[in-house]
Amino acid sequence: MIADSNALIEAKINNLRALEALGVKPYPYRFDVTHHAGDLQEKYKDLPNGEVTGETVRVAGRVMSYRNSGMFIDLRDASGKIQIFSHKDGTPSDLLAQMAHYDIGDIIGVTGIVRRTPRGELTVNTQNVEMLSKSIRPLPEKYHGLHDTELKYRKRYLDLIMNEESREAFRKRSQIITFIRQALVNEGFMEVETPMLHVIPGGTTAKPFLTHHNALDMPLYMRIAPELFLKRLIVGGMDKVFEIGRNFRNEGISIKHNPEFTACEIYWAYASYTDMMALFERVVEGAVRHINNGETKLTFGEHAIDFKAPWPRKSMVDLVTEKTGVDFAKIASAADAAAKAKEIGVHVEKSALWGQIVETVFAEKVEDTLIQPIHVIDIPKDVMPLAKTHPLDARLTESFEVYINGWEIGPSFSELNDPFDQRERFMAQVAAREAGNDEAMHLDEDFLESLEYGMPPTGGLGIGIDRLVMLLTNSPSIRDVIAFPTLRHK
RNA sequence: GAUUCCGUAGCUCAGCGGUAGAGCAUCUGACUUUUAAUCAGAGGGUCGUGGGUUCAAAUCCCACCGGGAUCACCA
């Protein structure tokens, strides 16, 4: 019955059989929980040692520790821990006989009186205990928890049972997403859902996953970004929309990349990128305060990061100049730019455009130094095919990317709504694709048609939720904030 | 994809050419106001898999499987 049975599992099954022999049903249907451990800890935090309350509670959770032959049990639920006390003089003997067959890992429900022991531990004095689910597999080592990274990712439930840091990271993830959603709704944005199965993958440059619809007998791509559909909603008159959801990119896996990841994309009609910068700051600073006792300062690794807005705004070209001494704004041709890049030790492709060269130099020389939050603005048009041309420099766009801890947290721009300009940009992408760049965008005629009906001037914004959660939970790997990261099949 | 490190009991880890080890967990017993409970005893292993070198391999070499890290594309 158990695929990989061993002596430890057999011992627990023996306990299960012993309970059944005593008339206990090991997998009953429900239990009325009246209190949670964490709430009781909070409610009675000032209860003096040795005091007994008059409160009878019903708590349920997992047995994490079993001491003095079961007289003391540490019970943990989603909110925290509470001790269970069953003294032989105060507990019915038939109940004690059952409890002798309890194991660490079992899920039990306890009815009893709350007190604080003379040693200071908040405790429920047993009146009744019920087996709610018999565990038949051994838990990992109680002190060190589960360290093995592969096991943590493949059996996340064990990681969550054993490691408080993991529970905390996923609690905070939920709080961050809930905060962002609520903050946007409070500002009048409407949450929408757009397709994850795309006929044409669009909205960014990335390699897609390809799948197939049987009934329609046609290929479909998993979305790499929701952008083009959200803009269609803007065309349709939904002036403030956002979507929080999964994107899929068929690219390398790393400490900062998972093939499926969560992004929040926001579109705001009649706004421009400056409005989006302020919105970005409100949302992220607010999220930090929300999970950080109202404070804006957090530590990530060796860095102290202050999320307090406003964040500086510096153009990508100027940042490159500051770091390298080379002012690419004064270099007109791609060939000269490439030569200059080579001079300062940055390798660029022969076919690279001016904007691609600037971005490459930025990525190699500047990115890692941007620890405190900053808006890197006015990104070259060559690498931003969906952003409005900058009114003061046609080589640039009205755009920004937020960098924190040297990571790009999210891109944003004034959305290109000129259908003629957009068509030209798509054609440039098509040319790049034909020249061998398999990440270049596809031509999306249907999207162009929607722009031709007229899209208002619009600000757009994307936030990489996983990276934001990493930052806010001091998690060095994206796998620490994605419950079930993509792994090779074993 | 390249480079590099790791894989030993259910878990956390030692051992790194000469009989497979510890702690927790498990089992038996003691103990009944403990909290990494304690004390006494016991059981538990195809050292990731397959090949090779050697009198002898967990240990050295090669391949493969799985994982981590770094690098490249990318949020």
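First the proteins, then the strands, lettered A, B, ... as listed; each starts at 1.
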Separation of the P atoms in B:rG10 and B:rC27, to the nearest angstrom:
16 Å

Is a donor from one side chain sitting under 3.5 angstrom from an acceptor on the other, for A:Ser166 and A:Asp159?
yes

Hey, are A:Asp103 and A:Lys134 close enough for a salt bridge, meaning a charged N less than 4.0 Å from a carboxylate O?
yes

Using the P atom as the point on both nucleotides, what is the distance between B:rG48 and B:rA58, in whole Å?
10 Å

Donor-acceptor pair between A:Arg173 and A:Thr262 side chains, under 3.5 angstrom:
yes

Could you tell me whether A:Ile465 contacts a base, only the sugar-phosphate backbone, or nothing, with contacts defined as non-hydrogen atoms closer than 4.0 Å?
nothing

Under a 3.5 Å limit on both distances, the Watson-Crick or wobble mate of B:rA63 is B:rU49

Could you state the atom-to-atom distance from CD of A:Glu367 to P of B:rC73 in whole Å?
10 Å

Gap between atoms NZ and C1', on A:Lys256 and B:rC73 respectively (whole Å):
12 Å

Pairing partner of B:rU4, by Watson-Crick or G-U wobble and under 3.5 Å for both distances, is B:rG68

Spacing of A:Ile136 atom CD1 relative to B:rG10 atom P, expressed in whole Å
16 Å

Using the C1' atom in both, what is the distance from B:rA56 to B:rA63, to the nearest Å?
23 Å

Could you let me know what B:rU32 is paired to, Watson-Crick or G-U wobble, both distances under 3.5 Å, or none if it's on its own?
none

If you draw a 6.0 Å radius around NZ in A:Lys323, do more than 12 non-hydrogen atoms from other residues or ligands fall strictly inside?
no

Which letters describe nucleotides 25-31 of chain B, given B = protein heavy atom under 4.0 Å from base, S = only from sugar-phosphate, - = neither?
BSS---B

What is the distance, to the nearest angstrom, from the CZ atom on A:Arg249 to the C1' atom on B:rC73?
12 Å

Scan side-chain atoms only and decide if A:His303 and A:Gln372 contain a donor-acceptor pair under the 3.5 Å cut-off.
no

Rounded to whole Å, please give me the gap between OH in A:Tyr153 and P in B:rA69.
6 Å

Less than 4.0 angstrom from a charged side-chain N to a carboxylate O is my criterion; do A:Arg433 and A:Glu439 meet it?
no

Distance between the C1' atoms of B:rU59 and B:rA20, in whole angstroms?
12 Å

Work out how far the C1' atom of B:rU54 is from that of B:rC39, and round it to whole angstrom.
47 Å

Whole angstroms only, please: what is the CG-C1' distance between A:Asp74 and B:rC24?
15 Å

How far does the C1' atom of B:rC11 sit from the matching atom of B:rG51, given to the nearest Å?
31 Å

Rounded to the nearest 0.5 Å, the OG1 atom of A:Thr397 sits from the CE atom of A:Met316 at a distance of 9.0 Å

Can you name the residues that form a side chain to side chain contact (heavy atoms under 4.5 Å, CB included) with A:Ser65, not counting sequence neighbours?
A:Arg67, A:Asp74

For A:Arg115, which of A:Thr53, A:Thr123, A:Asn125 qualifies under side chain to side chain donor-acceptor pair (under 3.5 Å)?
A:Asn125

Considering just the side-chain nitrogens and oxygens of A:Arg67, establish if one lies under 4.0 Å of OP1 or OP2 belonging to B:rC24.
no

Between A:Pro118 and A:Lys207, whichever has its closest RNA chain B nucleotide further toward 5' is A:Pro118

Sugar-phosphate only, base, or nothing, as touched by A:Arg115 at under 4.0 Å among non-hydrogen atoms
base

RNA chain B-proximal residues of residues 80-101 of chain A, any heavy atom under 4.0 Å
A:Gln83, A:Phe85, A:His87

If you look at every strand shown and take non-hydrogen atoms under 4.0 Å, does A:Gly145 touch a base, only sugar-phosphate, or nothing?
sugar-phosphate

Tell me which pairs pass ring pair (Phe, Tyr, Trp, His ring centres under 6.0 Å) where either residue lies in residues 132-160 of chain A, with sequence neighbours left out.
none

Assign each of A:Leu151 and A:Glu260 the nucleotide of RNA chain B bearing its closest heavy atom; nearer the 5' end lies the nucleotide of A:Leu151

Pick base, sugar-phosphate or nothing for A:Glu121, based on heavy-atom distances below 4.0 Å to the nucleic acid.
base

Rounded to whole Å, CD1 of A:Ile253 lies from P of B:rU70 at a distance of 14 Å

Take atom C1' in B:rG15 and the same atom in B:rG21, then report the distance between them in whole Å.
7 Å

Distance, rounded to the nearest Å, where A:Tyr143 contributes OH and B:rA36 contributes C1':
7 Å

Considering only side-chain heavy atoms of A:Thr117, which listed nucleotide, B:rU35, B:rG68, B:rU12, is closest?
B:rU35

A:Trp268/A:Phe189 under ring-ring contact (aromatic ring centres under 6.0 Å, His included): CA gap, chis, key distance, verdict:
CA-CA 8 Å; A:Trp268 183 359; A:Phe189 287 88; 5.7 Å; yes

Scan nucleotides 13-16 of chain B against the protein and return all N/O pairs shorter than 3.5 Å with their distances rounded to 0.1 Å.
{"from": "B:rC13", "atom 1": "OP1", "to": "A:His147", "atom 2": "ND1", "distance (Å)": "2.9"}

Please state whether the phosphate of B:rG67, meaning OP1 or OP2, lies under 4.0 angstrom from any side-chain nitrogen or oxygen of A:Arg488.
yes

Suppose you measure atom P in B:rC60 against the same atom in B:rU8; what distance do you get, rounded to whole Å?
15 Å

Taking 4.0 angstrom as the limit, do A:Lys388 and A:Glu415 come out as a salt bridge?
no

Closest to the A:Arg154 side chain: B:rU32, B:rC73, B:rG67?
B:rG67

Counting side-chain heavy atoms from CB outward, which of B:rU32, B:rU12, B:rG68 is closest to A:Leu487?
B:rG68

When all nucleic acid strands are considered with a 4.0 Å heavy-atom cut-off, which category describes A:Ser65: base, sugar-phosphate, or nothing?
sugar-phosphate

Compile the donor-acceptor pairs under 3.5 Å between side chains in residues 480-489 of chain A and protein atoms, sequence neighbours left out, one pair per line.
{"from": "A:Asp480", "atom 1": "OD2", "to": "A:Ser477", "atom 2": "N", "distance (Å)": "3.3"}

Among A:Glu243, A:Glu260, A:Glu193, whose salt bridge (charged side-chain N to carboxylate O under 4.0 Å, His left out) with A:Arg223 holds?
A:Glu243

